[in-house]
Amino acid sequence: MAYIKSAALEETGYVVLDKYDREMDPREWLDIEYNDWKSSGDTRFAPLASAKGEIECNGFWNHKPPRTDKDGVWIDSQTEKAPDLTRRAQEPGANVGRCRVIELQPNTYSDCLYNLHQDDNNRLNPDGTGWVVRGFFNLTDDKDSYFVLRHNRTDPEGEVRIALPAGAQLIVDTQRLWHAATHPGDSARYCLITSWESGPELDAYIEKYNGVSHVESVAVPQDELDAGQAEQTRRLAARAAALAARGQQEKLVMSEA
């Protein structure tokens, strides 16, 4: 199929935008309603827009009628408590599908590698329309945390690690890249995640905020990288064996991250 895609994401599958430089009120992400929706780690999600404007996190294709991850319905009870987050999600002027805040509890690099996944953003997406990608706006100041991107789930070659201080902003083709976050510390990380349709509006937004497709990876000691890779291999093998014993196969795409 031929989709409309952003040229800025063509080379690496991601862009990092200028850091958001305005102070945010934490009540916007602390006072909204969360679902215990598990994804890549110990997580909860607070939707601002969903398939039918309800506080739920299901893929739009799981509703009746099923549809792609576009034309999300804003949830008044949530957006009233989070007007600035809503404005940030709407600022590009691109079509918005799912939009929600993720709450991620602390984890390790090994946990992150085990939780690497691709998203199923474009199921039922009509040919010739815009490819759905995701924006990640880090809300809490997680100076020791970083987003991990890989082209191959189990191959560290070319791994990119993007720092996640408060105000970090990136857009990722999460159906193309394997991704998850490493979040050491003792408190939860909060991040706004928005599904956007690629097209001229998103392209203009990326240009406005000086999107770059190459950044220097967060430095991690080699022994920690090696230990994380070994632990990922061990856990994936153990999971595959457990599933095989039950006559099942692993579902590689985690569409609700």
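Nothing fancy with the numbering, it's 1 onward along the sequence. The structure presented is a predicted model; accordingly, all values stated were derived computationally and were not measured.
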| task | May I have the step-by-step check of side chain to side chain contact (heavy atoms under 4.5 Å, CB included) for Trp178 and Leu149, ending in yes or no? | result | CA-CA 6 Å; Trp178 295 85; Leu149 300 175; over 6 Å; no

| request: Kindly indicate, with the supporting measurements, whether the criterion salt bridge (Lys or Arg N to Asp or Glu O under 4.0 Å) is fulfilled by Arg134 and Asp119. | output: CA-CA 9 Å; Arg134 288 189 178 176; Asp119 295 326; 3.1 Å; yes

| task | Check the pair Leu116 / Arg150 against side chain to side chain contact (heavy atoms under 4.5 Å, CB included), numbers first and verdict last. | result | CA-CA 8 Å; Leu116 285 172; Arg150 284 186 176 184; 3.7 Å; yes

| request: Could you walk me through whether Asn122 and Trp131 pass side chain to side chain contact (heavy atoms under 4.5 Å, CB included), step by step? | output: CA-CA 7 Å; Asn122 290 280; Trp131 187 253; 3.3 Å; yes

| message | Before you tell me yes or no, could you show the steps for Asn152 and Thr154 under side chain to side chain donor-acceptor pair (under 3.5 Å), namely the whole-Å CA-CA distance, both residues' side-chain angles and the distance that decides it to 0.1 Å? | response | CA-CA 6 Å; Asn152 183 304; Thr154 58; 3.3 Å; yes

| request: Test side chain to side chain donor-acceptor pair (under 3.5 Å) on His214 and Glu11 and set out the steps. | output: CA-CA 9 Å; His214 290 274; Glu11 181 182 0; 2.9 Å; yes

| task | Using the salt bridge (Lys or Arg N to Asp or Glu O under 4.0 Å) rule, take Arg88 and Glu91 through it: C-alpha gap first, then chi angles, then the decisive distance, then the call. | result | CA-CA 5 Å; Arg88 291 179 68 184; Glu91 182 183 355; over 6 Å; no

| field | Residue pair Ile162, Leu170: steps toward the side chain to side chain contact (heavy atoms under 4.5 Å, CB included) verdict | value | CA-CA 9 Å; Ile162 300 174; Leu170 52 152; 3.9 Å; yes

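For the pair Ala163 and Val218, the tightest heavy-atom approach, listed with the atom from each and the gap, is N-CG2, 3.6 Å. Nearest heavy-atom pair, Leu17 versus Gly211, reported as atom, atom and distance to 0.1 Å: CD2-CA, 3.7 Å. Counting all heavy atoms, side chain and backbone alike, Ala188 lies closest to His183 at C-NE2, 3.6 Å. Of all non-hydrogen atoms in Arg189 and Ala181, the two that sit nearest each other are NH1-CB, 3.7 Å. Between Gly13 and Leu177, the shortest heavy-atom distance links the atoms O-CD1, 3.6 Å. Heavy-atom minimum distance, Asp203 versus Ala7: OD1-N, 4.4 Å.
The salt bridge (Lys or Arg N to Asp or Glu O under 4.0 Å) check on Arg22 picks up nothing, with sequence neighbours excluded. For the salt bridge (Lys or Arg N to Asp or Glu O under 4.0 Å) test, no residue two or more places apart in sequence or in another chain qualifies with Lys81. For Arg176, there are no salt bridge (Lys or Arg N to Asp or Glu O under 4.0 Å) partners two or more places apart in sequence or in a different chain.
Checking side-chain atoms of Glu224 against main-chain N and O of Ser110 turns up no donor-acceptor pair under 3.5 Å. Here the side chain of Asn121 pairs no donor or acceptor atom with the backbone of Arg123 at under 3.5 angstrom. Using a distance-only test at 3.5 Å, with no hydrogens or angles considered, no donor-acceptor pair links the side chain of Gln105 to the main chain of Ser187. The main-chain N or O of Asp120 is never found under 3.5 Å from a side-chain atom of Gln175 such that the two would form a donor-acceptor pair. For the pair Asp142 (side chain) and Asp144 (backbone), a donor-acceptor distance under 3.5 Å is absent. One N or O on the side chain of Ser50 and one on the backbone of Gly53 form a donor-acceptor pair closer than 3.5 Å. At least one donor-acceptor pair under 3.5 Å links the side chain of Asp141 to the backbone N or O of Ala166. With hydrogens and angles disregarded, no donor-acceptor distance shorter than 3.5 Å links the side chain of Thr79 to the backbone of Pro83.
The shortest side-chain heavy-atom distance between Leu243 and Arg239 falls under the 4.5 Å cut-off. Using a 4.5 Å heavy-atom threshold, the side chains of Val101 and Leu85 count as touching. Contact check for Tyr14 versus Asp173: no side-chain heavy atoms found under the 4.5 Å cut-off. The closest side-chain heavy-atom distance from Gln169 to Val16 is not below 4.5 Å. Looking only at side-chain heavy atoms (C-beta outward), Pro92 and Glu201 stay at 4.5 Å or farther from each other. Contact of the Ile4 side chain with the Thr129 side chain is not registered, since no non-hydrogen atoms from C-beta on lie closer than 4.5 Å.
Looking only at atom types and distance, the side chain of Asn95 has a donor-acceptor partner in the side chain of Asp71 under 3.5 Å away. In this structure, a donor-acceptor pair under 3.5 Å is absent between the side chains of Asn115 and Asp111. Under the 3.5 Å distance criterion, with hydrogens and angles disregarded, no donor-acceptor pair is assigned to the side chains of His179 and Gln118. At a cut-off of 3.5 Å, with distance as the only test, no side-chain donor of Thr86 or Asp84 sits close to an acceptor on the other residue. There is no side-chain donor-acceptor pair under 3.5 Å between Ser195 and Lys70. Side-chain contact of His63 with Glu56: a donor-acceptor pair under 3.5 Å is present, judged by distance alone. With no hydrogens or angles considered, no side-chain donor-acceptor pair links Arg44 and Asn35 at under 3.5 Å. Side-chain atoms of Glu103 and Tyr190 include a donor-acceptor pair closer than 3.5 Å.
Residue Leu113 forms a side-chain contact (heavy atoms from CB on, under 4.5 Å) with just one option from Arg235, Gln229, Glu231, and that option is Gln229.
With hydrophobic clusters built from ILVMFWY side chains whose heavy atoms lie under 4.5 angstrom apart, Phe60 does not share a cluster with Ile102. Note: the hydrophobic cluster containing Met24 also contains Tyr34 (ILVMFWY, side chain heavy atoms under 4.5 Å, direct or indirect links). Linking Ile, Leu, Val, Met, Phe, Trp and Tyr whenever their side-chain heavy atoms come within less than 4.5 Å leaves Trp61 and Val132 in two separate clusters. In this structure, Trp196 is a member of the same hydrophobic cluster as Val15, with clusters built from ILVMFWY side-chain heavy atoms closer than 4.5 Å. Linking ILVMFWY side-chain heavy atoms closer than 4.5 Å, directly or via other members, places Leu192 and Ile171 in a single hydrophobic cluster.
Atom CD1 of Ile32 is separated from atom CD1 of Ile55 by 9.0 Å, given to the nearest 0.5 angstrom. Put simply, NZ on Lys208 and CD1 on Ile206 are 13.5 Å apart, with the number rounded to the nearest 0.5 Å. With rounding to the nearest 0.5 Å, the separation of CG in Leu164 from CZ in Phe137 is 13.0 Å. In this structure, the separation between OH on Tyr3 and CG on Asp127 is 6.0 Å, given to the nearest 0.5 Å. To the nearest 0.5 Å, atoms CG (Leu225) and CD (Gln222) are separated by 5.0 Å. The line from CG of Asn125 to OG1 of Thr68 is 4.0 Å long, rounded to the nearest 0.5 Å.
In this pair, Tyr109 and Tyr146 present their aromatic rings tilted. The plane angle is within the 30 to 60° band.
Within 6.0 Å of atom CZ in Arg27, 12 or fewer heavy atoms from other residues, nucleotides or ligands are found, so the atom counts as exposed in its surroundings.
Aromatic ring centres of Phe136 and Phe147: separated by under 6.0 Å.
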